[in-house]
Amino acid sequence: MTFPPSAPPLSDVQRALVVSAHPDDVDFGAAGTVARWVDEGIEVTYLVVTRGDAGGFDDTPRDQMPLLREAEQRAAAKVVGVEQVEFLDGYADGTLTPSIELRRDITRAIRRYRPDRVLTTSPVRRWERIAGPGHPDHVAVGEAVTCAIYPDARNRFAHPELLRDEGLEPWVVREVWFQGGPDPDHIVDITQTYPRKAAALAAHATQTSHEDVEARMRTIFQAVARRAGLPEGSLAEAFTVLRTA
Ligand SMILES: [Zn+2]
């Protein structure tokens with residue numbers, strides 16, 4: 001099973017919500033594209049499910065890691081131009097499943113921020129490469145987000161406490177973008193915004209300071225651009241884009 005061909009992106013998007021499992025997911029997979037959205041005047045919000053408490057490579061005290069990684073993601077967002085960053089509480093890095101509780105918490109964010117477009121990690125694995133995009137937390141968040149888009153956020157009888165206790169009316173998300181899935185076919189030229197993506201990645205010092213991430217990323221995103229036939233030296237991110245309404 002894989003995705004159908006991408007739909008052409010909507011042209012009238014005012015608000016976008018990015019949902020990721022860990023601090024740094026959006027910056028590795030999508031920050032160059034998000035920076036373009038910000039430049040186009042789209043209001044972008046990040047919702048991060050965990051504080052990445054199982055990440056890192058050095059001997060940072062483990063109780064410091066969530067605090068450091070939250071601060072890193074907030075700094076990275078600022079570089080890209082995203083002002084609003086929200087973290088969920090109660091979810092530990094490495095333990096995510098598309099549970100009804102996670103669907104409810106994502107539904108709450110969708111109803112509060114009312115995005116036209118949602119970007120998240122792919123719920124479909126790339127079987128040729130199990131690491132990275134195939135982290136179980138990424139797959140779980142992609143599935144929970146998809147369930148929150150349909151049916152939960154648009155059905156007033158789903159998670160009834162959201163309407164009853166918090167006054168959150170149903171909301172229809174019209175489009176979803178998946179990063180890290182199999183055969184992504186919607187290419188975004190990020191040559192102009194790449195310096196901001198690189199700075200955002202550098203902000204995740206607990207994750208990226210042990211290697212030359214910038215050089216590795218440049219190679220990856222140049223290859224994406226080359227495969228898409230963009231001019232030599234261009235950089236690109238790739239997604240699957242689907243209509244959800
Ligand atoms: Zn991750």
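Throughout, residue positions are numbered sequentially from 1 according to the sequence presented. Counting convention: from 1, in listed order, for ligands and their atoms alike.
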Atom name in His22, limited to N/O/S, at shortest distance from the Zn ion (ligand 1)
ND1
Report whether any nitrogen, oxygen or sulfur of Asp137 sits less than 2.8 Å from the Zn ion (ligand 1) (N, O or S, backbone or side chain).
no
Provide the atom name of the closest N, O or S atom of Asp25 relative to the Zn ion (ligand 1).
OD1
Between Arg36 and Asp189, is there a donor-acceptor pair closer than 3.5 Å when you use the side chain of the first and the backbone of the second?
yes
Option among Leu119, Val241, Thr120, Thr121 that satisfies the side chain to side chain contact (heavy atoms under 4.5 Å, CB included) test with Phe178
Thr120
Under the criterion side chain to side chain donor-acceptor pair (under 3.5 Å), which of Thr50, Asp105, Asp137 is the partner of Tyr91?
Asp105
Matching residue for Leu162 among Arg112, Arg156, Glu169, Arg111 - test: side chain to side chain contact (heavy atoms under 4.5 Å, CB included):
Arg111
